[in-house]
Peer 1: 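For reference, the structure I am asking about is given below.
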Amino acid sequence: MAFDLNTAINYLPGIGPQRAKLLEAELGIKTWHDLLYNFPYKHIDRSRLYKIRELTTDMPFVQVLGQFLSFEEAGQGRKHRLTGHFWDGDMFLDVTWFHGINYIKKSVKIRKDYILFGRPGVYGGRLSVIHPDLDNPESMTLSKMSMQPYYSTTERMKKAGMTSRTLENFTSSLFGKLTWTLPETLPGYLIQRLHLMPLDKALRTAHYPATADELAAANMRLKFEELFFIQLVIMSYARKRQQERIGRRFTRVGEMFNTFYHRYLPFPLTEAQKRVIREMHADMKSGHQMNRLLQGDVGSGKTLVALMVMLIAIDNGCQTCIMAPTEILAEQHLQTFRDFLRDMPVRVELLTGNVKGKKRTAIEKGLLDGSIHILIGTHAVIEDNVQFNDLGLVIIDEQHRFGVAQRAKLWEKGGEEIVNSKLSNRKFPHVLVMTATPIPRTLAMTLYGDLDVSVIDELPPGRKPVRTMHIYDNQPEKLYQGVIREIEAGHQVYFVYPLVKESEKLDLKNVQDEFIHLKEVFPQYRISMVHGKMKPAEKDAEMQRFVSGETQILVATTVIEVGVNVPNASVMIIQNAERFGLSQLHQLRGRVGRGAEQSYCILVSNFKLSAETRKRLQIMTETNDGFEIAEADLKLRGPGDLEGTQQSGIAFNLKLANLGRDGQLVQLARDTASFVLDADPDLLAADNALLRQHMLELRKEHRDWSQIS
Ligand code: ADP
Ligand code: MG
């Protein structure tokens with residue numbers, strides 16, 4: 001019978017129907033291939049025997065060859081223990097068991113050789129090992145005397161008696177059957193150039209390395225491959241788009257831009273704002289479609305940058321459109337733009353789901369006849385087939401809220417469909433996406449690998465960094481006194497809660513109850529409330545009361561997380577702060593510190609905090625730098641949990657590589673993909689046949705990739 005890697009898993013000794021089912025259900029392992037790619041999560045070096053004399057308590061697992069010379073039992077109840085005196089011909093070591101004592105007494109023999117495997121520690125003031133593994137030296141095969149693989153198992157597997165050792169036996173019998181060389185997936189010239197381990201060796205080594213160095217080289221090869229193909233897909237797509245998509249040439253920096261810049265701008269631009277505007281203008285006059293990501297921390301002034309590049313587009317006879325993730329934000333943009341533009345002859349309109357009837361008809365007409373220069377909307381609007389006379393630039397604000405899959409969709413709408421409207425001349429509008437969630441570079445290269453990136457790395461002058469404190473929720477009085485002080489000084493205060501209304505399951509504060517409670521605490525002040533369950537009109541009215549200063553306190557859910565700008569607000573109080581992620585906390589904090597006054601962010605939590613949560617809150621109190629926070633977030637949680645990456649699928653398809661930890665490899669993968677595509681853009685060379693084939697397979701496997709790509 002001929003075997004290949006698609007052979008079902010039950011064609012291995014020891015795997016009957018029962019175990020095959022369990023392997024599939026618990027680990028998704030159906031074939032030899034799946035078992036091969038089920039990598040160990042760690043190895044323990046069993047290649048070396050130690051002498052007791054060498055052991056110290058800071059060592060990881062070690063093994064010692066020796067014999068038990070005697071045993072003694074001591075203690076009562078929970079302290080009841082069995083201690084064996086283990087002798088390696090030179091010194092003694094205490095070996096202690098608290099459980100299974102009868103079994104040990106029966107099965108472990110005196111004056112017989114054992115390989116003892118455990119972690120050295122101290123018990124009762126003496127060097128000892130607790131609950132070691134004991135192996136018969138004769139039964140230790142060579143593979144087990146080297147780096148031993150440890151495989152993940154689940155509760156159900158453990159119950160069925162399937163341990164890491166069981167899986168080890170499966171893989172070792174699999175390797176016994178893999179007598180042929182596994183086919184290579186990377187071309188020889190890349191393997192040589194990067195000194196990579198061949199795939200066949202890497203796969204075998206990843207399970208059974210001889211040394212730690214060899215394991216590292218195998219992992220490097222396998223991780224590189226994962227990352228390389230992602231980059232190859234992303235970059236080949238980006239290049240194709242770059243070639244195919246002719247953009248309008250916005251060569252003019254004309255009257256609108258100049259008039260605004262010289263006569264209307266209320267403050268000088270920061271150097272970073274000037275630089276990113278130049279970068280975008282260079283794109284927009286290149287003749288290719290701009291596809292750019294603008295990153296800038298909260299409050300760095302992205303809105304103004306957006307407005308100014310829109311003016312360039314308008315100067316070149318085009319219409320523009322900006323999309324916000326929420327209606328509140330869209331309305332705020334309308335206000336901001338109108339305030340900035342004052343009496344300039346630029347027509348700005350807002351189109352949301354709320355705009356209906358005559359008003360909507362008028363706007364639709366204005367878009368078609370070209371009299372509307374700037375359309376502001378939520379993405380819901382764009383998903384309807386809004387038609388423009390000549391749309392030249394699409395801006396997507398607070399992109400991180402949309403998620404990658406949604407971005408792909410917006411892209412389509414922003415690109416093809418709008419463009420396909422009959423009045424268009426089939427040139428693609430330039431696309432700018434803006435995000436305030438700073439994304440670590442290596443993650444950006446993957447999630448936004450098809451975009452060029454501009455960064456505003458400077459805040460407008462005169463901002464005082466927000467002071468952040470973490471307190472527990474047992475002293476509300478002190479907190480309330482602080483609130484009164486700030487409001488008496490003429491400022492406004494946010495209270496943010498994780499829930500809209502009381503929940504039976506979660507013991508968390510909710511907006512509706514707290515609204516009533518705070519009214520009792522602060523009878524002298526007026527309070528607004530906004531949350532996601534309110535009708536949009538109601539929500540806007542409440543928000544407006546706070547923006548205008550009519551109310552001093554705003555209680556809210558995270559609907560205010562994104563972009564809301566009330567410079568007079570100086571305190572952000574986040575209740576149940578333990579419930580929020582780092583980037584969310586950072587976004588919320590960004591709502592204050594927007595004026596000239598000292599602002600505060602108070603993180604209120606309960607006492608029961610996990611180590612990770614404690615760390616999160618601590619990071620918030622230590623830094624205001626969004627990039628630092630994003631890096632920390634990536635390290636703490638891994639990319640799969642980061643906002644915006646959930647739907648990406650990409651982060652999850654990585655088996656070995658970690659976008660947080662393997663930054664350098666991501667860079668290498670990107671550089672290599674770029675090197676390959678420079679020489680052979682369509683991968684038509686014979687040398688690249690493997691790459692071409694593998695890429696086609698990946699596209700079929702990962703439909704989410706083909707959405708971005
Ligand atoms: P974000 O980047 O978070 O969207 P905004 O665009 O809302 O930030 O800007 C935050 C605040 O900073 C706004 O009130 C805006 O008017 C102001 N601002 C923007 N650019 C400058 C600048 N160069 N100098 C001073 N204030 C600025
Ligand atoms: Mg903004």
Side-chain angles (χ1 to χ4, degrees), residues 260-262 264-278 280 292-311 322-342 374 376-379 395-402 432-439 453-466 492 494 543 546-549 558-570 572 583-597 599 601 624-627 629-630 644:
F260 181 78
Y261 187 73
H262 294 293
Y264 285 74
L265 201 58
F267 33 64
L269 295 176
T270 62
E271 285 309 312
Q273 283 172 317
K274 287 186 203 162
R275 173 170 42 77
V276 301
I277 291 172
R278 276 198 302 272
M280 288 176 221
R292 194 167 275 277
L293 173 72
L294 175 62
Q295 283 192 45
D297 212 342
V298 281
S300 61
K302 293 185 294 296
T303 315
L304 181 57
V305 167
L307 175 60
M308 293 185 69
V309 291
M310 286 173 140
L311 292 177
I322 180 166
M323 280 175 280
T326 64
E327 302 204 349
I328 290 183
L329 201 59
E331 276 161 40
Q332 195 174 290
H333 279 335
L334 177 71
Q335 198 54 48
T336 307
F337 282 14
R338 287 191 170 156
D339 289 349
F340 272 130
L341 292 168
R342 287 180 282 154
I374 297 180
I376 301 174
T378 54
H379 61 270
I395 300 183
I396 303 166
D397 192 18
E398 306 295 352
Q399 126 76 27
H400 64 285
R401 290 291 295 231
F402 289 116
L432 171 66
V433 298
M434 309 203 293
T435 175
T437 300
I439 303 152
V453 179
S454 288
V455 180
I456 305 185
D457 50 6
E458 179 188 1
L459 292 180
R463 295 270 171 82
K464 293 200 183 78
V466 179
Q492 289 163 284
Y494 292 102
M543 195 65 222
F546 187 66
V547 173
S548 69
T558 54
V559 292
I560 58 140
E561 177 194 334
V562 170
V564 172
N565 190 25
V566 183
N568 191 46
S570 66
M572 166 63 63
S583 78
Q584 226 176 4
L585 290 173
H586 182 62
Q587 287 288 321
L588 285 168
R589 177 168 61 184
R591 299 307 108 221
V592 295
R594 303 173 83 85
E597 303 294 330
S599 296
C601 172
N624 275 298
D625 181 329
F627 279 92
I629 288 171

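This structure is a prediction, so every number in the text was calculated from the model and none was measured. For ligands, and for the atoms within them, numbers begin at 1 and follow the listed sequence.
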Peer 1: Pairs of donor and acceptor atoms involving the side chains of residues 298-305, under 3.5 Å and at least two apart or interchain, shall be tabulated with distances.
Peer 2:
residue : atom : partner : partner atom : Å
Ser300  : OG   : Asp297  : O            : 2.7
Lys302  : NZ   : Gly296  : O            : 2.9

Peer 1: Please confirm whether Gly590 comes under 4.0 Å of ligand 1, counting heavy atoms of the residue only.
Peer 2: no
Peer 1: Look at the side chain of Gln295 and the backbone N and O of Val453, then say whether any donor-acceptor pair between them is shorter than 3.5 Å.
Peer 2: no
Peer 1: Could you check if a side-chain atom of Tyr264 sits within less than 4.5 angstrom of a side-chain atom of Leu341, using non-hydrogen atoms only?
Peer 2: no
Peer 1: Against heavy atoms of Thr270, which atoms of ligand 1 measure under 4.0 Å?
Peer 2: 23 (N)
Peer 1: Would you please name every residue forming a side-chain hydrogen bond (donor to acceptor under 3.5 Å, both in side chains) with Glu458, sequence neighbours left out?
Peer 2: none
Peer 1: May I ask you to check if ligand 1 and Gly301 share an N or O to N or O distance below 3.5 Å?
Peer 2: yes
Peer 1: Would you mind listing which atoms of ligand 1 come within a distance below 4.0 Å of any non-hydrogen atom of Leu269?
Peer 2: 23 (N)
Peer 1: With no hydrogens and no angle check, is any side-chain donor or acceptor of Arg275 less than 3.5 Å from a backbone partner on Ser454?
Peer 2: no
Peer 1: Please work out which of Gln587, Met434, Arg463 has its closest non-hydrogen atom nearest to atom 17 (C) of ligand 1.
Peer 2: Arg463
Peer 1: Taking heavy atoms and a distance under 4.0 Å, where does Thr303 meet ligand 1: side chain, backbone, both or neither?
Peer 2: both
Peer 1: Answer yes or no: is there a side-chain heavy-atom contact under 4.5 Å between Val309 and Ile395?
Peer 2: yes
Peer 1: Output yes when the distance from some N or O of ligand 1 to some N or O of Leu304 is under 3.5 Å, and no in every other case.
Peer 2: no
Peer 1: Relative to ligand 1, is Pro268 under 4.0 angstrom through side chain, backbone, both or neither, heavy atoms considered?
Peer 2: backbone
Peer 1: Look up atom NZ in Lys274 and atom CE in Met308, then write down how far apart they are to the nearest 0.5 Å.
Peer 2: 10.0 Å
Peer 1: If you define the side chain from C-beta out and look only at heavy atoms, does anything of Val276 sit under 4.5 Å from Arg292?
Peer 2: no
Peer 1: Relative to the heavy atoms of Arg594, which atoms of ligand 1 are at a distance of less than 4.0 Å?
Peer 2: 3 (O), 5 (P), 7 (O), 8 (O), 10 (C)
Peer 1: Only heavy atoms count here, so choose which of Gly299, Pro461, Pro266 is nearest to atom 3 (O) of ligand 1.
Peer 2: Gly299
Peer 1: Among the heavy atoms of Ser300, does any lie under 4.0 Å from an atom of ligand 1?
Peer 2: yes
